[in-house]
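When reading the values below, keep in mind they use all heavy atoms of this one structure, side chains included, and skip hydrogens, waters and symmetry mates.
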There are 2 protein chains.
Amino acid sequence: MTEQQDAYPSMTISTDQSSENIAPIKLGERLKEIRRTLGLTLEEASQKTGLARSTLSKIENEQISPTFQAMQKLTNGLDINIPQLFAAPKKVNTTGRRDITRNELGKSHPTSTYEHELLATQLSNKKMMPFKSLVRARSFDDYSDWIRHDGEEFLLVLKGEITFFSEYYEPVNLSEGDSVYYDANMGHMLASVSEDDALILWVTAS
Amino acid sequence: MTEQQDAYPSMTISTDQSSENIAPIKLGERLKEIRRTLGLTLEEASQKTGLARSTLSKIENEQISPTFQAMQKLTNGLDINIPQLFAAPKKVNTTGRRDITRNELGKSHPTSTYEHELLATQLSNKKMMPFKSLVRARSFDDYSDWIRHDGEEFLLVLKGEITFFSEYYEPVNLSEGDSVYYDANMGHMLASVSEDDALILWVTAS
DNA sequence: CGTTAAAGTTTCCTTTAGGAAACTTAATTC
DNA sequence: GAATTAAGTTTCCTAAAGGAAACTTTAACG
């Protein structure tokens with residue numbers, strides 16, 4: 001498993017803008033945008049939310065900071081949820097992003113028990129992290145402790161056979177084509193059954 | 001590809017509780033819970049957030065409805081994000097969920113261009129949807145229009161060779177072991193290159 | 001253009017949130 | 001178990017939010 005992709009005339013095309021969003025949320029701006037999108041006047045929005053026309057105007061122009069109570073009326077009345085209101089001030093437009101990784105050309109991270117190959121390295125801010133990994137471990141004892149982290153994991157055996165150990169269940173053997181989906185907060189670890197390393201694909205999301 | 005897993009002495013164990021959360025958000029309660037979890041006294045929280053001890057107390061006891069401004073101080077000071085504050089009043093504890101799908105024993109959904117096999121059908125409310133699919137289509141013409149939907153997709157070729165068509169890029173051929181990660185809002189479609197159906201694994205998240 | 005109607009803003013007043021300090025309750029120490 | 005301290009609540013004041021109505025701006029029409 002090589003560790004460089006630069007050597008390959010890369011097929012990767014990606015438009016990607018990272019940059020965290022720490023900017024103070026322009027609540028008013030965002031609200032006006034939403035109202036406009038819904039095709040509502042202040043008067044109509046007022047009726048739907050139960051907030052005065054004047055109050056809405058002031059909120060939209062950042063003249064006042066609405067109370068939580070007011071915000072609930074807003075979100076209920078306009079049928080939007082709160083995260084939606086704040087979380088996406090600047091819509092991080094990801095449309096059109098794409099990243100191709102050729103076989104054996106991911107970014108390699110070898111450890112004693114695994115050799116992880118991170119796929120789709122060109123894109124940041126993505127919902128999932130896909131890996132292809134060689135499972136080197138032969139038994140439970142190769143680990144010092146359970147692997148445990150936030151999020152969920154999906155795993156599919158590409159080649160070989162592995163034993164999937166987990167905190168709350170009995171170990172199971174998985175052959176080529178078998179898969180598991182599990183919560184990664186539950187302690188877990190893998191071992192190859194045969195003498196050869198096993199190859200797996202796994203994807204995490206949190 | 002069979003469509004029943006019941007026939008197989010299933011390895012699937014899953015603890016799963018759905019139930020939407022529409023209940024009026026107990027902001028104060030939740031806040032107190034968070035503060036306690038962080039091991040902070042009102043005084044300490046006051047220093048971190050810049051809000052008066054008394055104000056915090058009133059908020060926690062639902063005596064006042066904090067302004068958005070106050071809420072920002074709260075979330076910044078305690079280093080929590082706003083969605084987290086509201087969105088997860090009752091922590092949906094998913095720890096310990098697991099679902100094993102044996103090769104060729106997923107839930108099958110045949111169409112003219114694909115035969116989708118949904119994996120990990122036992123668990124609901126999961127962040128990812130894993131599929132194994134036979135790509136039946138032989139050309140672009142087998143489709144009437146782009147496939148386009150919310151979320152992101154990761155795709156890996158298990159067997160055969162496919163052409164990956166997408167709205168903003170030139171078509172690319174992907175062989176066994178190759179993968180793509182892309183935004184599913186970008187129009188996309190697949191065709192098998194050879195006479196045989198190709199086999200792919202793909203995972204969506206939104 | 002001037003008139004009218006609708007959408008949006010500002011003013012003014014009432015209600016409520018936010019802060020400082022007094023007070024109460026719960027824990028700790030002698 | 002009284003004295004001391006720390007954590008939390010309530011009071012009282014002031015600063016800011018919310019609503020009704022007056023005012024200004026924009027759009028539509030003759």
Side-chain angles (χ1 to χ4, degrees), chain A residues 22-91, chain B residues 22-91:
Chain A
I22 322 171
I25 300 166
K26 283 281 174 201
L27 181 63
E29 214 171 76
R30 175 122 184 87
L31 185 64
K32 180 177 268 176
E33 184 186 319
I34 291 177
R35 179 173 62 79
R36 284 270 160 75
T37 306
L38 296 173
L40 298 174
T41 65
L42 282 178
E43 180 54 37
E44 291 167 324
S46 165
Q47 282 164 9
K48 278 183 182 293
T49 58
L51 291 168
R53 196 166 76 247
S54 56
T55 304
L56 291 174
S57 170
K58 288 181 223 167
I59 294 175
E60 290 191 351
N61 296 314
E62 323 268 2
Q63 287 174 20
I64 61 175
S65 174
T67 59
F68 179 61
Q69 202 174 263
M71 284 175 17
Q72 284 192 121
K73 289 185 184 173
L74 264 175
T75 52
N76 288 336
L78 302 184
D79 202 33
I80 51 182
N81 56 38
I82 296 185
Q84 179 176 348
L85 227 188
F86 308 106
K90 264 152 202 164
K91 52 195 101 174
Chain B
I22 322 172
I25 301 164
K26 284 279 174 203
L27 182 63
E29 215 170 75
R30 175 122 185 85
L31 186 64
K32 180 177 270 177
E33 185 186 318
I34 291 177
R35 178 173 62 80
R36 285 268 160 75
T37 306
L38 296 175
L40 298 175
T41 65
L42 283 178
E43 180 54 36
E44 291 166 325
S46 165
Q47 283 165 5
K48 277 183 182 294
T49 58
L51 291 168
R53 195 166 78 244
S54 56
T55 304
L56 291 174
S57 169
K58 289 180 218 165
I59 293 174
E60 290 190 351
N61 296 315
E62 323 269 1
Q63 287 174 20
I64 61 174
S65 173
T67 58
F68 178 60
Q69 203 174 260
M71 283 174 18
Q72 285 191 120
K73 288 185 185 173
L74 264 175
T75 52
N76 287 337
L78 302 183
D79 201 33
I80 51 182
N81 56 38
I82 296 186
Q84 179 177 347
L85 226 187
F86 309 105
K90 265 151 201 163
K91 56 194 103 175

Is there a donor N/O on one and an acceptor N/O on the other, under 3.5 Å, for the side chain of A/S65 and the base of D/dA16?
no
What is the distance, rounded to the nearest whole Å, between atom [atom1] of [X] and atom [atom2] of [N]?
X: B/K58; N: C/dA17; atom1: NZ; atom2: P; value: 9 Å
X: B/L51; N: D/dG8; atom1: CG; atom2: P; value: 16 Å
X: A/L42; N: C/dA7; atom1: CG; atom2: C1'; value: 7 Å
X: B/F68; N: D/dA16; atom1: CZ; atom2: P; value: 17 Å
X: B/K73; N: C/dA17; atom1: NZ; atom2: C1'; value: 12 Å
X: A/Q47; N: D/dG19; atom1: CD; atom2: P; value: 14 Å
X: A/M71; N: C/dT16; atom1: CE; atom2: P; value: 18 Å
X: A/E43; N: D/dA20; atom1: CD; atom2: P; value: 11 Å

Determine: side-chain N/O of [X] to OP1/OP2 of [N], distance under 4.0 Å, yes or no.
X: B/S57; N: D/dT9; result: yes
X: A/N61; N: C/dG8; result: no
X: B/R35; N: D/dG8; result: yes

Is the CD atom of A/E44 crowded by more than 12 outside heavy atoms at less than 6.0 Å?
yes
As a test of reading the structure: which of D/dA22, C/dT10, C/dA22 is closest to the side chain of A/R53, going by heavy atoms?
D/dA22
Identify whether any heavy atom of B/T41 sits under 4.0 Å from a base atom; if not, whether one sits that close to sugar-phosphate; answer base, sugar-phosphate or nothing.
sugar-phosphate
Pick base, sugar-phosphate or nothing for B/T67, based on heavy-atom distances below 4.0 Å to the nucleic acid.
sugar-phosphate
Sub-4.5 Å side-chain heavy-atom contact between B/K32 and B/E29:
no
With side chains defined as the heavy atoms from C-beta onward, is the minimum distance between A/L42 and A/E60 less than 4.5 Å?
yes
Donor-acceptor pair, B/T67 side chain versus A/P66 backbone, under 3.5 Å?
no
Donor-acceptor pair, B/S57 side chain versus B/R53 backbone, under 3.5 Å?
no
Starting at the 5' end of DNA chain D and moving along, which residue's nearest nucleotide shows up first, B/T55 or A/A70?
B/T55
Earlier contact from the 5' end, DNA chain D, for B/Q63 and B/E44
B/E44
